[in-house]
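Beneath this line is the structure, given in structure tokens, with notes to follow.
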Amino acid sequence: MHGVNLDQLGRRDPRHYPRVTLTELEHRIEATASELGLVTRFFQTNHEGDFVEHLHRLEGLADGIVLNPGAWTHYSYAIRDALELASLPAVEVHLSEVDRREDWRRQSVITELCIARVSGKGAPGYREALERLREELSKQ
Ligand code: DQA
């Protein structure tokens with residue numbers, strides 16, 4: 001699940017973000033997932049309520065979540081509550097190194113609900129996220 005402004009990948013600050021578009025990134029994620037024996041479904045929105053409602057609908061549709069909520073990560077208790085409701089293993093991903101940017105980006109309201117957090121590894125960070133998720137699912 002990609003949150004706000006992630007649809008703008010390809011034109012975001014190259015000091016922090018890979019030059020790939022979201023479509024290219026999703027193709028890579030899909031290929032990696034299939035290598036790992038996982039099936040992916042993607043969702044991106046710039047509307048917080050839609051992100052929340054998508055989380056509401058995940059029960060029975062997904063075994064786990066890889067999410068990059070973008071700036072909502074730092075303050076959206078609505079998304080945090082919806083993630084808690086989804087009650088699925090989740091991995092938080094950030095393309096950029098959020099802990100080495102502005103102070104406000106250091107706060108994440110979702111980290112404690114996630115089994116892992118991957119930050120600052122660019123597109124390959126999604127491989128790590130999928131691996132962590134697969135490891136968790138294999139325990140169940
Ligand atoms: C981001 C980091 C956030 O601070 C930022 O608002 C984003 C993307 C990342 O992937 O590095 O939009 O989540």
Side-chain angles (χ1 to χ4, degrees):
M1 289 182 67
H2 311 285
V4 62
N5 292 317
L6 271 310
D7 60 330
Q8 298 302 305
L9 279 176
R11 53 187 293 250
R12 295 193 69 176
D13 187 342
R15 287 174 304 162
H16 298 295
Y17 300 100
R19 287 179 194 275
V20 288
T21 63
L22 183 60
T23 307
E24 288 160 355
L25 179 65
E26 288 183 346
H27 283 146
R28 282 201 210 174
I29 295 171
E30 195 171 24
T32 306
S34 112
E35 233 180 79
L36 297 172
L38 300 169
V39 176
T40 45
R41 291 163 59 103
F42 296 100
F43 181 78
Q44 190 280 328
T45 182
N46 292 320
H47 303 278
E48 188 179 2
D50 290 344
F51 200 89
V52 163
E53 287 183 354
H54 193 78
L55 285 167
H56 291 171
R57 288 193 297 267
L58 284 185
E59 200 181 345
L61 280 183
D63 299 316
I65 312 170
V66 172
L67 78 167
N68 179 352
W72 291 325
T73 306
H74 312 301
Y75 64 87
S76 175
Y77 293 108
I79 286 174
R80 187 208 141 90
D81 282 351
L83 182 60
E84 194 166 25
L85 268 169
S87 188
L88 290 168
V91 181
E92 174 183 357
V93 178
H94 301 288
L95 292 157
S96 67
E97 183 71 284
V98 278
D99 291 332
R100 299 212 178 149
R101 296 180 64 189
E102 301 92 327
D103 283 352
W104 58 268
R105 290 187 206 270
R106 293 194 185 154
Q107 151 93 342
S108 166
V109 299
I110 62 165
T111 300
E112 66 176 27
L113 298 175
C114 294
I115 58 158
R117 180 180 205 239
V118 181
S119 165
K121 299 193 172 160
Y126 281 90
R127 172 180 285 274
E128 190 175 324
L130 290 166
E131 285 171 351
R132 296 295 296 270
L133 195 56
R134 189 179 66 158
E135 198 182 304
E136 183 67 21
L137 294 171
S138 71
K139 291 186 204 155
Q140 295 177 2

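Every number for a ligand or one of its atoms is a count from 1 in the order of the listing.
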* Trace of the side-chain contact (heavy atoms from CB on, under 4.5 Å) decision for Glu30 with Phe42 -> CA-CA 9 Å; Glu30 195 171 24; Phe42 296 100; 4.3 Å; yes
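- Only the side chain of Arg105 comes within contact range of ligand 1, with a heavy atom under 4.0 Å; no backbone atom does.
- Residue contact check for ligand 1: Arg12 places a non-hydrogen atom closer than 4.0 Å to it.
- Here is the list of ligand 1 atoms found below 4.0 Å of a heavy atom in Asn68: 1 (C), 9 (C), 10 (O), 13 (O).
- Polar contact check, Arg101 against ligand 1: no nitrogen or oxygen pair lies under 3.5 Å apart.
- Residue contact annotation: Asn5 has no non-hydrogen atom under 4.0 Å from ligand 1.
- Residue His74 touches ligand 1 through its side chain alone, judged by heavy-atom distances below 4.0 Å.
- Ligand 1 lies nowhere less than 4.0 angstrom from a heavy atom belonging to Glu97.
- Of all atoms in ligand 1, listed by their number and element, those nearer than 4.0 Å to a heavy atom of Val98 are 2 (C), 4 (O).
- In this structure, Leu130 CG and Thr40 OG1 are separated by 8.0 Å, a value rounded to the nearest 0.5 Å.
- Looking at atom 11 (O) of ligand 1, its nearest protein heavy atom turns out to be Ser96 OG, 2.6 Å.
- No side-chain donor-acceptor contact under 3.5 Å links Thr73 to the backbone of Val109.
- In terms of protein heavy-atom proximity, atom 1 (C) of ligand 1 is closest to His94 ND1, 3.7 Å.
- Legend: salt bridge (Lys or Arg N to Asp or Glu O under 4.0 Å) pairs involving residues 114-130, not counting sequence neighbours, sorted by first then second residue: Glu35-Arg127, Glu92-Arg117, Asp99-Arg117, Lys121-Glu128, Arg127-Glu131.
- For ligand 1, none of its N or O atoms has an N or O atom of Leu6 under 3.5 Å away.
- For Asn5 and Asn46, the side-chain atoms include no donor-acceptor pair closer than 3.5 Å.
- Linking Ile, Leu, Val, Met, Phe, Trp and Tyr residues whenever their side-chain heavy atoms come within less than 4.5 Å places Phe51 and Leu83 in a single cluster.
- When all heavy atoms of Pro89 and Leu137 are compared, the pair lying nearest together is CG-CD2, 3.9 Å.
- Nearest protein neighbour of atom 9 (C) of ligand 1, counting heavy atoms only, is Leu95 N, 3.3 Å.
- Proximity of Thr73 to ligand 1 is not established, as no heavy-atom distance is less than 4.0 Å.
- Between Glu26 and His2, the side chains place a donor N or O and an acceptor N or O closer than 3.5 Å (distance only, hydrogens not considered).
- Judged by distance alone, with hydrogens and angles left aside, the side-chain atoms of His74 form a donor-acceptor pair with the main-chain N or O of Gln107 at under 3.5 Å.
- The shortest N or O to N or O distance between Trp104 and ligand 1 is not below 3.5 Å.
- The closest protein non-hydrogen atom to atom 8 (C) of ligand 1 is Tyr17 OH, 3.4 Å.
- Contact detail for Val66 and Leu133: the closest heavy-atom pair is CG2-CD2, 3.8 Å.
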